[in-house]
A.B. asks: 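First the structure, then my questions, so here it is.
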2 protein chains.
Amino acid sequence: MESDRDFNVFVQGCPSREIMQRLGDKWTPLVLLALAGGPQRFSALRQRIGSVTPKVLTSTLRTLERDGLLLRTVTAQVPVRVDYELSDLGRSLLGPMETIRLWSQEHVPSVLRAREEFDRTRDDATL
Amino acid sequence: MESDRDFNVFVQGCPSREIMQRLGDKWTPLVLLALAGGPQRFSALRQRIGSVTPKVLTSTLRTLERDGLLLRTVTAQVPVRVDYELSDLGRSLLGPMETIRLWSQEHVPSVLRAREEFDRTRDDATL
DNA sequence: GTAGCCAGTATCTAAAAGATACCATTGAGC
DNA sequence: GCTCAATGGTATCTTTTAGATACTGGCTAC
C-alpha cells in the first residue's frame, strides 16, 4: 500500500500533484477515451477527437507515452504506419475517465441552467 | 435519462465536451477536493491548494460558481468574509474526483518508472 | 505529372497562466 | 495617531501554452 500515506496531491512538489494535473489536461481524457476501443492510428485519432491540431495532439500523445499510459508502435511500411494503444496502466484509467465523461454528458442541462441563472443575476447587478 | 443519447463529448460543439474539458482544468480538481470537507474562505483555499496565484484562483472559482458547482457567500463584516462551498451538483463530483486523486497518488511509482525508461531509451536514440 | 495520404514538424499568433504589486477597510499593537 | 497585518480580491506585465496554418518526403493511384 504505497498510496495516501506516501503521496498527496495537496503537497507542493509531490509528483502525484503533477500527475493529477496532467490527467486533467485539456485533451488527455479525450485521447484516453478515444483509445478505449483498441489501437488507433494518428489520423484516425485526430479525426475522432476533432478540432485538435496535430501539434497539440502529438505533444499530448508524447506525454502520455512517456508516462507509460500508452504505447506507440511504428510499422515500417509505405507510408509508415503508427499505432497508439493503451497500456495496462492506461487501461486502469478508463473506468474513472468514463465516469467523468458520463457525468459531463448527464449534467449538461444542470450546468447550462446554472450559467443562465448566473449571467442573468449578473446582468441585473450591472447597475 | 437525458444522457448518452443527447450529448457526446466526441461531438464538436457539444456542451458536454466543454464541460468535461473544464473539469479537467488544471486547478478544478484541487479546488473541488479542497472543498470536500466543508466551506472554506478564499485565503484558506489559497493556502490549502498552494502555489496557485490569486488571479487564477479567482477565475477558477468564478467559473465553477457560474457552472453551479459551488456557492459563494458574502458576509458583511469587518473585513468582509467570503465563503465557498460545494453545491449539490459539485458534491456529486466528489466521488469521481476522489477516484482520480487516489489513482494519481497510487500510481506515482509506475509513472516515474515509465518516465525514466522513456528518457533512457530516448537518450540512446540521440545518435 | 499531379493530387493525395501518412505522420508528423516549423513558424507565427493568440490566449492563458504565473509573478508581482497594489487596493480599501479596519482593528491591533506601540 | 501611526504603522502593521489580514481580508478578498484586481491590475499590470511577462512567460508559457495552445491554436492556426503551411509544409515535408516518400509513396501510390489517377
Side-chain angles (χ1 to χ4, degrees), chain A residues 9 12-13 17-31 34-35 38-67 70-85 118 122 125-126, chain B residues 9 12-13 17-31 34-35 38-67 70-85 118 122 125-126:
Chain A
V9 294
Q12 283 163 270
R17 185 189 178 92
E18 181 214 346
I19 290 169
M20 189 174 80
Q21 288 181 329
R22 194 164 310 244
L23 295 184
D25 180 77
K26 185 168 185 182
W27 298 106
T28 295
L30 283 171
V31 168
L35 290 171
Q40 295 266 325
R41 303 178 65 172
F42 185 85
S43 37
L45 266 181
R46 198 182 156 188
Q47 199 164 0
R48 176 98 215 281
I49 292 173
S51 85
V52 64
T53 65
K55 191 190 78 167
V56 173
L57 182 56
T58 299
S59 83
T60 303
L61 289 169
R62 282 285 181 287
T63 302
L64 293 177
E65 185 196 358
R66 189 169 102 102
D67 285 358
L70 54 82
L71 304 168
R72 178 172 178 271
T73 335
V74 182
T75 312
Q77 66 178 38
V78 277
V80 67
R81 176 196 180 97
V82 180
D83 283 283
Y84 292 92
E85 64 181 315
F118 183 90
R122 277 307 163 101
T126 314
Chain B
V9 293
Q12 284 164 269
R17 184 187 178 94
E18 181 214 344
I19 290 170
M20 188 174 80
Q21 288 180 329
R22 194 163 309 244
L23 295 183
D25 181 77
K26 184 166 184 182
W27 299 106
T28 295
L30 282 170
V31 168
L35 290 171
Q40 296 265 324
R41 302 177 65 172
F42 185 85
S43 36
L45 265 181
R46 197 181 156 188
Q47 199 164 0
R48 173 115 168 85
I49 293 174
S51 84
V52 64
T53 64
K55 191 190 78 168
V56 172
L57 182 56
T58 299
S59 83
T60 303
L61 289 168
R62 281 285 182 288
T63 303
L64 293 177
E65 186 196 358
R66 188 169 103 102
D67 285 359
L70 55 81
L71 304 168
R72 180 172 177 272
T73 336
V74 181
T75 313
Q77 66 177 37
V78 277
V80 67
R81 174 196 181 97
V82 179
D83 283 283
Y84 291 92
E85 65 181 315
F118 183 90
R122 276 309 162 100
T126 313

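Order of the sequence lines fixes the chain letters, A, B, ..., with proteins taken first and strands second; residue numbering starts at 1 for each chain. Only this structure's heavy atoms are used, side chains among them; waters, hydrogens and symmetry mates stay out.
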A.B. asks: Compute the bend angle of the helix from C/dG1-D/dC30 to C/dC30-D/dG1 from the end axes (five pairs per end), rounded to 10°.
C.D. replies: 10°

A.B. asks: Looking at B/Gln40 and B/Ala44, what are the two nearest heavy atoms and their distance?
C.D. replies: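 Closest approach of B/Gln40 to B/Ala44, heavy atoms only: OE1-CB, 3.6 Å.
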
A.B. asks: For every nucleotide of nucleotides 24-30 of chain D, 5' to 3': is a protein heavy atom under 4.0 Å from its base (B), only from its sugar-phosphate (S), or from neither (-)?
C.D. replies: ---S---

A.B. asks: Side-chain contact, heavy-atom cut-off 4.5 Å: A/Leu57 with A/Val31?
C.D. replies: yes

A.B. asks: Starting at atom CZ of B/Arg72, determine the distance to atom C1' of D/dG8, rounded to an integer number of angstrom.
C.D. replies: 8 Å

A.B. asks: Does the side chain of A/Leu35 come within less than 4.5 Å of A/Leu45's, by heavy atoms?
C.D. replies: yes

A.B. asks: Using a 4.5 Å cut-off on heavy atoms from C-beta on, say whether the side chain of A/Thr58 contacts that of A/Phe42.
C.D. replies: yes

A.B. asks: Roughly how far apart are B/Arg41 CZ and B/Arg81 CZ, rounded to 0.5 Å?
C.D. replies: 4.5 Å

A.B. asks: If you take any heavy atom closer than 4.0 Å to DNA chain D, which residues from residues 41-56 of chain B end up in contact?
C.D. replies: B/Arg41, B/Phe42, B/Ser43, B/Pro54, B/Lys55

A.B. asks: Applying salt bridge (Lys or Arg N to Asp or Glu O under 4.0 Å), name anything that partners B/Arg66, two or more places apart in sequence or on another chain.
C.D. replies: A/Asp119

A.B. asks: So what does A/Asp25 hit on the nucleic acid, given a heavy-atom distance under 4.0 Å: a base, only sugar-phosphate, or nothing?
C.D. replies: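 It contacts sugar-phosphate atoms only.
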
A.B. asks: May I have the distance from A/Glu18 (atom CD) to D/dT17 (atom P), rounded to whole angstrom?
C.D. replies: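 It works out to 11 Å between those atoms.
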
A.B. asks: For B/Asp25, which residues count as a salt bridge (Lys or Arg N to Asp or Glu O under 4.0 Å) partner, sequence neighbours excluded?
C.D. replies: none

A.B. asks: To the nearest 0.5 Å, what is the distance between CG (A/Asp67) and CD (A/Glu65)?
C.D. replies: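 Separation between the atoms: 10.0 Å.
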
A.B. asks: Check the surroundings of atom CD in B/Gln47: do more than 12 heavy atoms from other residues, nucleotides or ligands lie under 6.0 Å from it?
C.D. replies: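 No - once you tally the heavy atoms of other residues, nucleotides and ligands closer than 6.0 Å, there are 12 at most.
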
A.B. asks: On DNA chain C, reading 5' to 3', which nucleotide is the first and which the last to sit with an atom under 4.0 Å from a heavy atom of chain B, could you check?
C.D. replies: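 Using the under 4.0 Å cut-off, the span is C/dA17 to C/dT26.
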
A.B. asks: Between A/Trp27 and D/dG19, is there a contact of a side-chain N or O with OP1 or OP2 at under 4.0 Å?
C.D. replies: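 Affirmative; the distance criterion is met.
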
A.B. asks: Are B/Lys26 and B/Val52 side-chain neighbours, meaning at least one heavy-atom pair lies under 4.5 Å?
C.D. replies: no

A.B. asks: Check the distance between D/dT10's C1' and B/Arg62's CZ and give it to me in whole angstrom.
C.D. replies: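 These atoms are roughly 10 Å apart.
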
A.B. asks: So B/Arg72 and B/Leu61, do their side chains get closer than 4.5 Å, heavy atoms only?
C.D. replies: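 Side chain of B/Leu61 against side chain of B/Arg72, heavy atoms only: no contact under 4.5 Å found.
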
A.B. asks: Whole angstroms only, please: what is the CD-P distance between A/Gln21 and D/dT16?
C.D. replies: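 Rounding to the nearest Å, CD of A/Gln21 and P of D/dT16 are 17 Å apart.
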
A.B. asks: Taking all heavy atoms of A/Thr75 and all of A/Val80, pick out the closest pair and write down the distance.
C.D. replies: O-CG2, 3.5 Å

A.B. asks: So do the side chains of A/Leu30 and A/Thr60 get within less than 4.5 Å of each other, counting heavy atoms only?
C.D. replies: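 No. Closest side-chain heavy atoms not under 4.5 Å.
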
